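Every chain is numbered from 1, with letters handed out A, B, ... down the list of sequences. Nothing here was measured: the structure is a model prediction, and the numbers come from that model.
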Protein chains: 2
Amino acid sequence: MGNDGVQTELLIKEKAKILFFQKGLLNATTQQIADEAGVNRALIHYYFRSRDLMLDLLLEETLQEKKARTRAFLVSDLSFREKIARFIDAVVDWGLNYPYLDNFIISETARNPDKIKSFCAKDNVKSSDLIREGLEAEIKKGAIAPISAEHFMVNLVAMCNYPLLAKSVLQTIHGMTDAAYQKFLHERKNVIYASIFNEDMPKIYEKNGN
Amino acid sequence: MGNDGVQTELLIKEKAKILFFQKGLLNATTQQIADEAGVNRALIHYYFRSRDLMLDLLLEETLQEKKARTRAFLVSDLSFREKIARFIDAVVDWGLNYPYLDNFIISETARNPDKIKSFCAKDNVKSSDLIREGLEAEIKKGAIAPISAEHFMVNLVAMCNYPLLAKSVLQTIHGMTDAAYQKFLHERKNVIYASIFNEDMPKIYEKNGN
DNA sequence: CTTTGCGTTAACAAAATTGTTAAACAAAAA
DNA sequence: TTTTTGTTTAACAATTTTGTTAACGCAAAG
């Protein structure tokens, strides 16, 4: 047989993810993807049938991986504060690789609201349910001001994700170099943790700090 | 003369803004815009020359309006807490109308990084500079834990904007109806204020609460 | 060596989208 | 009424993009 098909398929997916989720090119054409991967455009149809099907697959895979890397900490048997610390760490680190993933999902969802529903249908456990117990304990202790689990999670995810999403905008507004923005994002891990618990994040989790 | 050209131009802009910033259809075609406005597609070229030029104009106008409605409070001579309260109120209210504006800017910026620079070049005063003094006073009082003005602003904007951006996703995850999500967003005004100052937002600003 | 089958490619076809233009139209001005 | 001017429309042209197909290549199996 000719070449190894599996490798080519992986290559195309890899490069497509870079275009969509890393570079934020929401409307990357099949030609652009093929160029990025250095293969003939027809191969995209050979392996994925159509551009849309490839997008579905990429989203499916990538969301699965993100969930495994981030949400996993919330279902662990770590202490509440450790859960949150590791979650922040993981979400920011993940976002440094694929800053535009959320942006992509949001746009796709606007275009086709039903698509996101099928993705969400798979995990019917809301992340807010995973931290409710621990959160309420902290509230009872007086360590955190009263807040619902839903609002708490939205605050948390918002503070982690927004600066990743809006990277290019914030970077321009604040006149930061790429390096400065990277540093800013790593600082944020501690800032977010501190804004919740009013104390510094355990040093262990600042592994990528600059 | 035929019809009133100014009115038609306004109509097209209005409907285009709805498609782009309200419905989140980032790639709305000139045909879709024309349909939405109930006019012939050629009129879009008659009034705006090209799709791209229309986009630039829409962004320019809309960002200008948003700035006037939100950032204005930060430059006022209100007290720090009042500034923040009104800012939160204005940003969330604005976002209820145009939830996808940020999403749109982010995508456009990824496609053409220089475009956003020209927009930002106009107001060279960073919003973080506008609140630094007041923030530092609160920190000195011990009312807010130490945090840089940049991180404080990013946290604030993130908590306000992210749930608007991610509306369709969060709504699906949490299984909320449109009405429930609206209520959730209005609740957030107080939640955000409380998470910063550890006290309820003055009732005055919860004008649209449910 | 020949055959078989997957992987790859170039060329083609079809659809969607943008931009242009000349003609039609409607109302005010002459 | 006729002219003029700005607006609107349908038809056309050009470009972009997706999807298909038939031929080619190459390595393993027979």
Side-chain angles (χ1 to χ4, degrees), chain A residues 1-21 23-61 100 103-104 107-108 110-112 114-115, chain B residues 1-21 23-61 100 103-104 107-108 110-112 114-115:
Chain A
M1 304 167 192
N3 208 334
D4 184 348
V6 177
Q7 229 168 358
T8 309
E9 188 179 346
L10 284 176
L11 176 70
I12 293 173
K13 285 199 290 192
E14 186 64 29
K15 296 301 187 182
K17 285 177 187 174
I18 288 176
L19 278 183
F20 288 126
F21 308 141
K23 298 192 180 173
L25 301 177
L26 244 74
N27 307 351
T29 65
T30 51
Q31 188 60 60
Q32 280 178 283
I33 297 165
D35 289 348
E36 188 86 5
V39 301
N40 188 287
R41 191 174 60 83
L43 285 184
I44 290 172
H45 292 93
Y46 178 73
Y47 285 111
F48 307 101
R49 202 90 191 145
S50 76
R51 184 182 182 276
D52 263 358
L53 286 175
M54 184 179 68
L55 277 187
D56 286 350
L57 186 64
L58 292 180
L59 258 188
E60 172 73 34
E61 276 190 20
Y100 291 102
N103 196 37
F104 191 89
S107 298
E108 277 297 299
R111 227 180 33 133
N112 182 357
D114 292 328
K115 194 174 280 185
Chain B
M1 307 169 191
N3 208 334
D4 185 348
V6 177
Q7 230 167 359
T8 309
E9 188 179 345
L10 284 175
L11 175 71
I12 294 173
K13 285 198 291 191
E14 186 65 29
K15 296 300 186 182
K17 285 177 186 174
I18 288 177
L19 279 182
F20 289 125
F21 308 140
K23 299 192 178 172
L25 301 177
L26 243 73
N27 307 349
T29 64
T30 51
Q31 188 61 60
Q32 280 177 284
I33 297 165
D35 288 349
E36 188 85 5
V39 300
N40 187 286
R41 192 175 60 82
L43 285 184
I44 290 171
H45 293 93
Y46 177 74
Y47 285 111
F48 306 102
R49 201 90 189 146
S50 78
R51 185 181 181 277
D52 263 359
L53 286 175
M54 184 179 67
L55 277 186
D56 286 350
L57 186 63
L58 292 180
L59 259 188
E60 172 74 33
E61 276 189 21
Y100 291 102
N103 198 34
F104 190 90
S107 299
E108 278 296 300
R111 228 179 32 133
N112 182 357
D114 292 329
K115 195 175 280 187

### Message
In this structure, how many angstroms lie between the P atom of D:dT17 and the CD1 atom of A:Ile33, rounded?
### Response
12 Å
### Rounded distance (Å) that lies between atom C1' of C:dG7 and atom CG of A:Leu43
7 Å
### Query
Which part of the nucleic acid, if any, lies within reach of A:Phe48 when heavy atoms closer than 4.0 Å are counted: base, sugar-phosphate only, or nothing?
nothing
### Query
Could you state the CG-P distance from B:Leu11 to D:dT7, rounded to the nearest angstrom?
15 Å
### Query
Starting at CD1 of A:Ile44 and ending at P of C:dT8, how long is that distance when rounded to a whole Å?
12 Å
### 4.5 Å side-chain heavy-atom contact, A:Tyr46 and A:Thr8
no
### Query
Side chains of B:Asn112 and B:Glu108: is there a donor and an acceptor less than 3.5 Å apart?
no
### Shortest non-hydrogen contact from B:Ala28 toward B:Arg51
O-NH2, 2.8 Å
### Query
B:Thr8 side chain N/O closer than 4.0 Å to the phosphate oxygens (OP1, OP2) of D:dT8?
yes
### Query
Quick one: is D:dT18 close enough that its OP1 or OP2 comes under 4.0 Å of any side-chain N or O from A:Thr30?
yes
### Query
How many Å lie between CG on A:Asn40 and P on C:dT8, as a whole number?
10 Å
### First encountered from the 5' end of DNA chain C, between B:Gln32 and A:Tyr47
A:Tyr47
### Task
With the side chain of A:Thr29 defined as its heavy atoms from C-beta on, choose the nearest nucleotide among C:dT18, D:dT18, C:dT9.
D:dT18
### Summary
When B:Val6 and A:Arg51 are each assigned the nearest nucleotide of DNA chain D, the 5'-most assignment goes to B:Val6
### Task
Grab the CD-P distance between B:Gln31 and C:dA16 for me, whole Å please.
12 Å
### Query
Can you check the B:His45 NE2 to D:dA14 P distance for me, whole Å?
16 Å
### Query
Which atoms form the tightest heavy-atom contact between B:Leu11 and B:Ala37, and what is the distance?
CD2-O, 3.3 Å
### Message
For A:Tyr46 and A:Ala42, find the nucleotide of DNA chain C closest to each by heavy atoms; which residue's nucleotide sits nearer the 5' end?
### Response
A:Tyr46
### Query
Listed by chain and number, what are the side chain to side chain donor-acceptor pair (under 3.5 Å) partners of B:Asp56, not counting sequence neighbours?
B:Lys115
### Query
Roughly, in whole Å, what's the span from CZ in A:Arg41 to P in D:dT18?
7 Å
